[in-house]
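Let me begin by presenting the structure, written as C-alpha cells, before commenting on it.
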Amino acid sequence: MRTVIFRSIAPFLTSLMVLFSIFVLLRGHNEPGGGFIGGLIAASALAIYGIACGVAAVRRAIYFHPMALSAFGLFMATVAGVLSVFASVPFMSGLWTYPVIFGVELALSSVLVFDVGVYLVVVGAIGSIALGLEEGDRD
Amino acid sequence: MAVPSTPLEDLSVAYLMEPVAAADWLIPAPVVWCLLVGSVLVMLRKRTALQPLIAIPSLMVLVFITLGLLWHVAVNGTVTMTMGRWLPPFGISFTVDLLSAFFAATSSLVALAAGIYGRSDVDDSSRRYGFYPFLLLIMAGILGAFLTGDIFNLYVWFEVLLISSFGLLVLGSRPVQLDGAVKYAFLNLIATTLFLVATGYLYGLFGTLNMADIAIKASELRGAAPLMTLVTLFLLAFAMKAAAFPVNFWLPASYHTPRIVVSAMFAGLLTKVGIYALLRILGMLFPVERQELSFLIALAAAFTMILGVMGALAQNDIRRAMGFLVISGIGVMMAGLALGSPAGLSGAILYAAHSMVVMTALYFAVGISARLGSSFKLTEAGGLYARNAAVAGLTLVLFLSVAGLPPFSGFWPKIMLVKASLDVGAWWLAGAILMTGLLTTIAVGRIWALAYWRPAPEAADGAGETPDPMDTQPLSFGATAALGGLVVITIAAGVWPEPVMALAQEAARGLLDPSAYVQSVFPVEASQ
C-alpha cells in the first residue's frame with residue numbers, strides 16, 4: 001500500500017478527516033453526528049495515516065498512548081455527569097450556559113463535555129486496536 | 001444550540017423539578033467513583049509503583065461509600081435517582097433497596113481485600129497490563145449491576161464487568177490462561193446474547209425497561225403475553241452467568257488459570273451477580289412465573305450442589321477444587337430462589353453474601369499455601385501446618401465455614417434454607433443441602449489433611465511443572481492481612497448473625513413485596 005501517491009495524499013486526507021470528525025462531533029447535539037461517530041471518523045483517519053506512513057509516525061503524531069486518550073475521555077464523560085451535583089439535579093443532567101463572546105452567543109453545556117469524552121474514548125479504543133493490528137505481532 | 005424564543009411547555013411533565021438531596025448522591029456514587037479512579041489508573045498504567053497507592057485508598061473510600069449507602073437505605077427505605085433529570089420510566093433509574101445495598105457493601109469489602117492481596121500477587125508486567133484499572137472498572141460493572149433499576153442498563157453493566165473480566169483473566173498471557181479465557185469468553189458471550197435477546201423480547205412485550213414499571217405492568221400482562229417464555233430465557237441466561245448445572249462447565253475450565261487474586265475476585269463476585277439478577281428478575285418482577293418454574297430451579301439447584309461438590313472431591317488441583325466449591329454454593333443459593341418463601345429468599349441472600357467473602361478468602365488461602373512452599377497439586381502438597389500454624393488455622397476456619405459448620409457464617413443461611421425447604425415439604429431439597437454440607441466437609445477435610453496436616457513430602461526431583469515465580473514469592477503482610485480480615489468477617493457473621501440475618505430478611509421482604517421499590521421510583525402514582 002505504500003505507493004508514492006498514497007503516501008503523499010495520506011497526511012492531507014488524515015488532517016481533513018480529523019477536521020471533519022471534529023465538525024461532526026460539534027454538530028452532534030441537534031443534528032446527526034456526535035461523539036461516537038466523530039470518534040470513529042478520527043480513528044479511521046489515524047488508521048489511514050498508519051497504513052501510509054507506519055505506526056510509529058502515528059504514535060509520534062498523537063503523542064499520548066491511545067489507551068491514555070481513551071481513559072481521559074472516560075474521565076471527562078464521568079466528570080460531565082458529576083457536574084450536576086453543583087446544580088442539585090440528578091447525575092448526568094444536561095447543564096447549559098450561554099456566554100456571549102465577540103457578540104456571538106455560544107451554547108456550552110455539560111452534554112458537550114460528555115460528548116467530547118465519548119469522542120476520546122472511541123478514538124483511543126478503536127485507534128489502539130487499529131494500530132495494534134497494523135503493527136502485527138510486535139508491541 | 002440556539003435558545004428557543006417561544007416559552008417552553010411545562011417542564012415538569014418530563015423533568016424532575018425538586019432539587020436532589022445531597023444524601024441521594026450516594027446512589028450513583030459507588031459507580032461514579034470506580035469509573036473516575038479506574039480511568040485515572042488507566043492513564044497512569046505505566047506507573048506501576050503508584051497504582052496500588054492510589055487504588056487501595058480508593059477502594060477504602062469505596063467501602064465507606066457503599067456502607068454509607070447501606071445506612072442511607074436502612075434508614076430511609078428504598079431510594080431512587082433517575083439519570084439526566086428525566087422522569088422514570090424514560091430516564092434510567094438507579095434504584096437501591098436493601099438487597100442492592102447489602103450486596104454492594106459486601107462486594108466492595110471483597111474488592112478492597114483483593115486490592116490489598118493483589119499488591120503482592122501481581123507483578124509489574126501484569127500491573128502494566130492493567131490489574132488495578134481493571135479491578136476498579138470491574139467493580140464499576142458489578143456495582144452498577146447491583147444498583148441499577150433498569151433491565152437494559154443491567155445488561156450494559158454486565159458488559160462492563162465482562163470486558164474487564166476478560167482483561168483480568170489474561171493478565172500474564174500464558175497459553176493456559178488464553179485457553180481458559182476462550183472458554184470463559186465464549187460461554188459468557190452466549191449467556192450475554194441470550195440476556196440481550198430476552199431483554200429485547202421484554203421490551204417488545206412491556207414497552208418499558210424500568211424494573212418498577214415492569215413490576216406494575218406484569219400483573220396486567222399476565223395471561224395476555226407469553227411471560228413464561230420470557231422468564232425461562234432470563235433463567236437460562238442468568239443460570240449460565242451464575243454457573244448453575246447444566247451450564248456450569250465454563251467455570252472449572254477457566255477459574256484456575258488466572259492469578260490467584262483474580263480467581264478470588266471472580267469466585268467471590270462474578271457468579272453472585274448472576275444470582276443477584278435471578279433474585280431481582282425472577283424473585284421480584286415475575287414471582288408467579290418463578291413459582292411455575294420452581295421445580296425446575298430446585299432440580300437444577302440440587303444437581304448443581306451435589307455435582308459441584310463431587311467435582312471438588314475428585315480434583316487433585318486445589319484451585320480446581322475451589323472452583324467446584326463455588327459451583328456447589330451457587331446450587332445452595334438457587335435452592336433458596338426455588339423455594340421463593342421469605343425464609344428461602346433471605347437464606348439465599350445471606351448465603352450469597354457469605355459466599356462472596358468466604359470464596360474470595362479461600363482462594364487467598366490457596367495462594368498463600370503456594371507461597372509457603374506447598375504445591376497446588378494435592379499429591380505434592382503437605383506440611384503447611386508445620387510451616388505456619390496461624391495461616392493453617394485461618395484456612396481451617398474458612399474450610400469449616402464453606403462446609404456450613406457452626407460457628408461460622410455458612411451455618412446460618414444453610415439452617416434457614418433447610419428449614420424453609422422442610423416447611424414446604426421439599427424433603428429432598430433439604431436432604432440435598434445437608435448432603436452437600438457433608439460432602440463439602442469431606443472435600444475440604446481431604447485438602448486439609450493432605451496439604452496442611454500431612455508432613456511435607458520428599459522434594460520431588462523437578463518432576464512437576466515449574467511454578468509461576470509470582471506464585472512462590474515469600475508471604476507478605478498485606479496478603480495475610482487480607483485473608484485475616486475476611487476470616488474475621490466470617491467469624492463475626494457466624495457468632496453474631498442477628499444483624500446480617502435481619503438485613504437479609506428485610507431484603508427478602510423487599511423482593512417479595514415490591515411496593516416500596518415501585519413507590520420509590522413512582523412516588524406520585526403509588527400514592528394515588
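Below, each value reflects all heavy atoms present in this structure, side chains not excepted, and no hydrogens, waters or symmetry copies. Just so we're on the same page: letters track the sequence lines, and every chain starts at 1.
Between R45(B) and H65(A) there is a side-chain heavy-atom pair separated by less than 4.5 Å. Here the side chains of W25(B) and F91(A) are in contact, with some heavy-atom distance below 4.5 Å. Under the 4.5 Å side-chain criterion, counting only non-hydrogen atoms from C-beta, L36(B) is in contact with V79(A). Considering only heavy atoms from C-beta on, P90(A) comes within 4.5 Å of V20(B) through its side chain.
Most heavy-atom pairs under 4.5 Å with chain A: of the set E18(B), K46(B), M81(B), this distinction falls to M81(B). Heavy-atom pairs under 4.5 Å with chain B were tallied for G94(A), S109(A), S88(A), G81(A); the largest tally goes to S88(A). Most heavy-atom pairs under 4.5 Å with chain B: of the set L112(A), L69(A), T78(A), this distinction falls to T78(A).
Across all their heavy atoms, F75(A) and M43(B) have their closest contact at CB-CE, 4.0 Å. Contact record, L74(A) with S39(B): CD2-CB, 3.8 Å, taken as the closest heavy-atom pair.
Within 6.0 Å of the CZ atom in F166(B), the count of heavy atoms belonging to other residues, nucleotides or ligands exceeds 12. Counting heavy atoms of neighbouring residues, nucleotides and ligands inside a 6.0 Å radius, atom CZ of R27(A) exceeds 12 of them. Surrounding CZ of F90(B) are at most 12 heavy atoms belonging to other residues, nucleotides or ligands under 6.0 Å away. Crowding of I5(A) atom CD1: a count of heavy atoms from other residues, nucleotides or ligands under 6.0 Å not exceeding 12. Heavy-atom contacts from other residues, nucleotides or ligands closer than 6.0 Å to OH of Y155(B) number more than 12.
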Test side-chain contact (heavy atoms from CB on, under 4.5 Å) on V82(A) and V32(B); report intermediate values, then the result. CA-CA 8 Å; V82(A) 176; V32(B) 172; 3.4 Å; yes
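With a threshold of 4.5 angstrom between heavy atoms, M83(B) approaches chain A through its backbone and through its side chain. Both the backbone and the side chain of L35(B) come within contact range of chain A, judged by heavy atoms closer than 4.5 Å.
To the nearest 0.5 angstrom, S93(A) atom OG is 9.0 Å from W86(B) atom CH2.
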